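Since the structure is predicted, the reported quantities are computational estimates derived from the model, not experimental observations.
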Number of protein chains: 2
Amino acid sequence: MKIGELAKRSGLTAHTIRYYERIGLLPYADRDRSSRRDYDASILVWIEFLGRLKTTGMPIRDMLLYAELRERGSGSEAERRALLERHRESVRAHVDELNACLLVLDTKIGGYAETEQRMKDYDATLPERRRKPVGARSPRTG
Amino acid sequence: MKIGELAKRSGLTAHTIRYYERIGLLPYADRDRSSRRDYDASILVWIEFLGRLKTTGMPIRDMLLYAELRERGSGSEAERRALLERHRESVRAHVDELNACLLVLDTKIGGYAETEQRMKDYDATLPERRRKPVGARSPRTG
DNA sequence: TCTTGACTTAGAGTGCGCTCGAACTCGTAG
DNA sequence: CTACGAGTTCGAGCGCACTCTAAGTCAAGA
């Protein structure tokens, strides 16, 4: 598989694939006789996993550490596991934080909903000709 | 409250507070006669909310939009609400994604745990003098 | 009076993670 | 044979969100 094909399949751009190789996130790819990169489909599994690490907010320098342990092969399993366990904890903590923020967001949005309801109720008390044309005021919810 | 005090209380640095004012995330602060910023404690509520937006991954340009609607005061509630609702959906989606990644991480970590167990089992079959000193090999889990 | 330290401004610099441009080489289709 | 498109390398540039520096001002305490 050439880099363009890998780009399509992985969702990365060819530029990014080369960049990842340059910094060591992807192993140095075999080249054909005209020095084009030629990939085995198995690289997709690794790229997908990198994507998970990225999605969960792992900085590249840590992915790099993991990638290096992986390149080193056997003997690095305990370290790799420890790295992933630490990361898992930080992701869990972040999820908890996000859920807490979601509650705040719900409350805030709920406040706007009330404001809008009060606006409608108020409008309904006005004689037909005096109703608000577009926006209205009401207790500042922030 | 002077900027140093606000920095302490908000967790931002004075530099960041000035930066936020500069770009419009914080309202232009009143100055004393020697042009030092003098804050009312109420600003803390806004800074805290900005922090939630930031934690949940809202880019500054969107916070800015929200801040502008807020400055505009009444008449912008519906827009503010819509903005927060859109953001809430994206946060929820991200949380789902993170949870999916956590499952993958669990599986991966489980794989290393198995590997380590196999290593221990194998070591236990060796005569005392031949046991591994530190790390060992085994099926590549990636 | 002098010093200290918290403040002011404008603007430059940083770290991250890409993203792009320039100039070049190949292999293949017309 | 030539044109094209997909690839190559190297290095510069970008967008984001700060972060820091330099040079100056000011109020209060020793």
Side-chain angles (χ1 to χ4, degrees), chain A residues 1-41 43 46-68 87 90 94 97 101, chain B residues 1-40 43 46-68 87 90-91 94 97 101:
Chain A
M1 193 187 341
K2 290 287 185 292
I3 201 172
E5 177 70 10
L6 179 60
K8 257 177 230 152
R9 292 209 201 180
S10 66
L12 301 177
T13 68
H15 279 309
T16 302
I17 293 169
R18 288 190 207 101
Y19 165 69
Y20 279 3
E21 181 184 301
R22 210 154 71 212
I23 65 173
L25 260 195
L26 293 179
Y28 185 84
D30 295 338
R31 317 289 160 120
D32 64 13
R33 37 193 157 0
S34 51
S35 48
R36 275 119 197 251
R37 291 168 181 80
D38 209 343
Y39 293 96
D40 184 293
I43 194 75
W46 174 234
I47 291 180
E48 198 187 343
F49 186 63
L50 285 178
R52 308 257 183 213
L53 295 181
K54 181 183 156 165
T55 293
T56 50
M58 184 184 281
I60 281 188
R61 81 183 88 83
D62 291 359
M63 294 191 214
L64 222 42
L65 187 50
Y66 185 83
E68 280 157 15
H87 182 58
S90 85
H94 188 52
E97 198 174 29
C101 289
Chain B
M1 193 185 350
K2 289 288 185 296
I3 202 173
E5 177 70 10
L6 180 61
K8 260 177 226 150
R9 293 207 200 180
S10 67
L12 301 177
T13 68
H15 280 310
T16 302
I17 293 169
R18 288 190 206 100
Y19 165 69
Y20 278 4
E21 179 184 301
R22 210 154 70 213
I23 66 173
L25 259 194
L26 293 179
Y28 184 83
D30 294 339
R31 317 291 159 119
D32 66 12
R33 38 193 156 4
S34 51
S35 47
R36 275 123 198 249
R37 292 167 182 83
D38 208 344
Y39 292 97
D40 184 293
I43 194 76
W46 174 235
I47 291 179
E48 197 188 340
F49 187 62
L50 285 178
R52 309 255 182 214
L53 295 182
K54 182 184 157 166
T55 294
T56 50
M58 184 184 282
I60 281 191
R61 80 183 90 80
D62 291 359
M63 295 190 214
L64 223 42
L65 188 50
Y66 186 81
E68 279 157 16
H87 182 57
S90 86
V91 177
H94 187 52
E97 199 175 28
C101 289

Which part of the nucleic acid does Arg61(A) contact within heavy-atom distance under 4.0 Å: base, sugar-phosphate only, or nothing? sugar-phosphate
Distance below 4.0 Å between Lys54(B) side-chain N/O and dC18(D) OP1 or OP2: yes
Under 4.0 Å from any atom of DNA chain C, heavy atoms only: list the residues of residues 1-13 of chain B that qualify, in numerical order. Lys2(B), Ile3(B), Gly4(B)
Gap between atom CD1 of Ile47(A) and atom CZ of Arg52(A) - 0.5 Å precision: 13.5 Å
Is there a side-chain contact between Tyr19(B) and the phosphate of dC20(D), meaning an N or O under 4.0 Å from OP1 or OP2? no
Between Thr16(A) (side chain) and Leu12(A) (backbone), is there a donor-acceptor pair under 3.5 Å? no
Does a side-chain N or O of Arg37(A) approach OP1 or OP2 of dT8(D) to a distance below 4.0 Å, or not? yes
Rounded to whole Å, how long is the line connecting atom CG of Leu25(A) with atom P of dC18(C)? 9 Å
Using a 3.5 Å distance criterion without hydrogens, assess whether the side chain of Trp46(B) forms a donor-acceptor pair with backbone atoms of Leu25(B). yes
Sub-3.5 Å pairs of nitrogen or oxygen atoms, protein against nucleotides 21-30 of chain C:
residue	atom	partner	partner atom	Å
dT25(C)	O2	Arg36(A)	NH2	3.3
dC26(C)	O2	Arg36(A)	NH2	3.4

Taking the side chain as every heavy atom from C-beta outward, state whether His87(B) and Leu53(B) have any pair of such atoms under 4.5 Å apart. yes
Do the rings of His94(A) and His94(B) sit parallel, tilted or perpendicular, given the 30° and 60° boundaries? perpendicular
Does OP1 or OP2 of dC18(D) have a side-chain N or O of Tyr20(B) closer than 4.0 Å? yes
Dot-bracket line, read 5' to 3' along DNA chain C, where crossing pairs take [ ] and | marks a partner on another strand, Watson-Crick or G-U under 3.5 Å: ||||||||||||||||||||||||||||||
Give the C-alpha distance, both sets of side-chain angles, the deciding distance and a yes or no for side-chain contact (heavy atoms from CB on, under 4.5 Å) between Tyr39(B) and Lys2(B). CA-CA 6 Å; Tyr39(B) 292 97; Lys2(B) 289 288 185 296; over 6 Å; no
On the 0 to 90° scale, with breaks at 30° and 60°, tag the Tyr66(A)-Phe49(A) ring pair as parallel, tilted or perpendicular. tilted
Do side-chain atoms of Asp38(A) reach the backbone of Asp30(A) as a donor and acceptor pair under 3.5 angstrom? no
Taking atom P of dC18(D) as reference, at what distance in whole Å does atom CE of Met58(B) sit? 14 Å
Ion pair present between Arg31(B) and Glu21(B), side-chain N to carboxylate O less than 4.0 angstrom? yes
Look at Arg31(A) and dT9(D) and indicate whether a side-chain polar atom (N or O) is within less than 4.0 Å of OP1 or OP2. yes
Rounded to the nearest Å, what distance is computed from the CD1 atom of residue Ile23(A) to the P atom of nucleotide dC18(C)? 8 Å
